[in-house]
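To keep things clear, I will list the structure first and then write my remarks on it.
Hydrogens, waters and symmetry mates are skipped; everything else that's a heavy atom, side chains included, is used.
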Amino acid sequence: MSEKDGKTNSKNLSRRDFLRNTGILAGGAVLGTGLLAGCSEGAAKDTPAPAGEAWDYEADVIVCGTGPAGLACAAAAAEAGVSVIAIDSNDKIGGKGILAGGNLGIGGGTRMQIAAGFEETAEIIYEDRTVPSLRTDKTMVVETVDGREVEMGQWRKISGAEDGEGMARAFADNSLDTWNWLDIMGVPFIKANVSQMAAVYRGSRYYTTTSPRLVDRENGKDGDMQAGGAGLCWPIYDTAVDNGAQFILSCKMTKILRAEGDRAGRVIGIEATLDGKTVRMKGNKAVFLGTGSWKGSTKLKQLFLPWLTKYPHISGEPYVWNDGNGIEAALDAGASLSTDRGSDWHGWHRHPGTLWHSIKMPFGLPGTAEPLDSECIYVNAEGKRFMNEEIGEDNPAWVGGSKPFYFAQLCAAQTTDKDGPVVWIILDEASRAKQELKFIVGETVEDFMYGTADTLEELAAAIKVPADALVASVTRYNELVDKGADEDFAKRHLNAKIAAPPFHAVKWGIQKHNTLGGVTINAKAQVVDWDLQPIPGLYAAGESAGNMDLIGLAKPIVFGRIAGMTIAHEE
């Protein structure tokens, strides 16, 4: 059967059939009382429930969150023969990883790298992750936003953040095995890509791409949303199910339970909300956290990045919401907190004309092409130009002496609405036609993120900014174009006036895409306390865990698998 028919790869069993057969429905309903997973002779097996309460569910491993990290943990643990119950607060599996493009930066000598003649080993990956300067035989020229060209040796160090103790070694040593594991289970790798940074980062910069699959297979049909992340998540899910893992959806973890009180003893299970009721789930061996980022939590944003509180919109919505509850619960249980480059540029994405970072409805429009910085201005809710438009999300602020310009930080200082900072791109018809940009409401732009009019005053009314300020901003910019110098914000390329009607306004959608901070873990994916000692029975990976400088799908899958294998072999 095909994935569109809603069948798993190896058992020809639909996801809903599986959930029915095990008594667990995608809506969170539970049938019968005989659903406690088989238990091994784990260290916590005979531990009584807190306050004398009975356990509602029991398994060797309770996996919280079914994104790439949780799926990898569940599959690895189930393959090793231990019982697994995986829960998710969403009514779908995959987290935001199932919406991803499917670019996987895991290497070490994969069959596709070998076929392409690209040499990579665990030692190369490790060296790239730990040695600040690798190349003395080549240089690179970096152009900064303030007009300087800086020649420097090619190197890998970007921010100064270090990987946690043992993390880089574990990632390097497990990369190839993890890729082969995915390859064997049927992840549809279709392409190997050479990054422009391959000469700088040798390790895992010849990465693979996964063929898109339907995001939600249950009722999949032609025309439904597809993503490369689904090409990763569904095979891992199938592997977990084929080896006996049980999934309970619409079930939200609320508390981590330790044997000797809130912050003492072994982690023995969790409390969760299911069908409006509190249930207790016992983990004989461990509890795993793959609950996602802190970026939707106002409390955690104040700790990690206070100015982010002005950004209500985060990647993954509306498919999944990252409210930080897993991190908060772990802190309550005694975990320490680790942050890596929470404000770094590569964690931000911007999309003209749409809030969403996705492919098609119902998860938002793909947006339009980015207009040329040299032929537009950015204005805020007051209709005023406020920045050098050449400052992009990829600004090389890490070059010594460069001003720390970040597009998102500049936007954060502006007036916000319910969708975050108000930033409009203003351009004219001549520029639109020159770039062949298509602003089609409902296809390339959201209706609330686009406006057009024959006069600037009418355009201001359409996008709800003060007309006099918008007219003044455009008039001033046109004067600067005539002068050939941006006296206000030092933009170097002023190629065209904004003068030919109709005029266009496209709103930026700005997202915090990746976060790298969360509970601190070690090389075995064990959560550690403030003395950096492992909390017995508690593991984490993905965006709920910090202590490693790496974005994308590679880290959650590698360390989710490490967690599953470690838990399974724990005495």
Side-chain angles (χ1 to χ4, degrees), residues 18-66 70 73-74 77-78 80-89 240-241 243-291 325-326 328-330 332-335 526-527 534-540 563-564 566-568 570-571:
F18 162 72
L19 296 172
R20 280 204 183 99
N21 291 344
T22 57
I24 305 171
L25 298 180
V30 180
L31 305 180
T33 58
L35 294 178
L36 300 186
C39 304
S40 71
E41 298 297 325
K45 181 174 181 180
D46 297 324
T47 304
E53 297 288 343
W55 295 105
D56 298 289
Y57 299 89
E58 183 173 352
D60 291 325
V61 190
I62 305 297
V63 174
C64 303
T66 65
C73 178
V82 300
S83 57
V84 177
I85 292 177
I87 69 171
D88 201 296
S89 59
V241 170
N243 286 280
Q246 298 182 359
F247 286 74
I248 306 177
L249 304 181
S250 298
C251 180
K252 186 179 183 68
M253 185 273 289
T254 56
K255 186 175 182 179
I256 295 169
L257 303 174
R258 298 185 68 169
E260 301 173 21
D262 288 345
R263 295 197 172 198
R266 185 180 184 84
V267 169
I268 57 175
I270 64 167
E271 288 184 355
T273 301
L274 177 65
D275 291 334
K277 299 178 181 179
T278 297
V279 296
R280 291 175 172 82
M281 298 183 170
K282 184 180 180 184
N284 290 318
K285 283 180 168 288
V287 168
F288 174 85
L289 296 179
T291 49
N325 79 298
E328 293 180 12
D332 289 341
Q526 296 169 306
V527 177
I535 297 175
L538 187 59
Y539 295 75
T566 304
I567 293 167
E570 186 181 60
E571 293 296 331

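Screening Ile62, Ile270, Ile248 for a side chain to side chain contact (heavy atoms under 4.5 Å, CB included) with Tyr57, the sole residue that qualifies is Ile248.
Taking each heavy atom of Val63 and Cys73 in turn, the nearest pair found is CG2-SG, 4.1 Å. For the residue pair Met253 and Ile87, the shortest heavy atom distance occurs at N-CD1, 3.9 Å. When all heavy atoms are compared, the tightest approach of Phe288 to Gly70 is CE2-CA, 3.6 Å. Val527 and Ala335 make their closest contact through CG1-CB, 3.5 Å (heavy atoms, listed as atom of the first residue, atom of the second, distance). A pairwise comparison of heavy atoms in Met281 and Cys251 identifies CE-SG, 3.7 Å as the closest pair. Closest approach of Ala77 to Val82, counting heavy atoms only: O-CG2, 3.1 Å.
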**Request:** Could you walk me through whether Leu289 and Leu538 pass side chain to side chain contact (heavy atoms under 4.5 Å, CB included), step by step?
**Result:** CA-CA 8 Å; Leu289 296 179; Leu538 187 59; 4.2 Å; yes
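One finds the CD1 atom of Ile268 at 12.0 Å from the CD1 atom of Ile256 (value rounded to the nearest 0.5 Å). Taking CG of Asp332 as the reference point, atom CZ of Arg258 lies at 12.0 Å (rounded to 0.5 Å). Rounding to the nearest 0.5 angstrom, the gap separating the CG atom in Asn325 from the NZ atom in Lys255 is 14.5 Å. Atom SG of residue Cys64 and atom CD1 of residue Ile85 lie 10.5 Å apart, to the nearest 0.5 angstrom. Here CD of Glu271 is found 9.5 Å from CG of Asp56. Values are rounded to the nearest 0.5 Å. The distance from the OG1 atom of Thr254 to the CG atom of Leu274 is 11.0 Å, given to the nearest 0.5 Å.
Of the possible donor and acceptor atoms, none in the side chain of Arg280 sits under 3.5 Å from a partner among the backbone N and O of Glu58. Using a distance-only test at 3.5 Å, with no hydrogens or angles considered, no donor-acceptor pair links the side chain of Asp60 to the main chain of Asn284.
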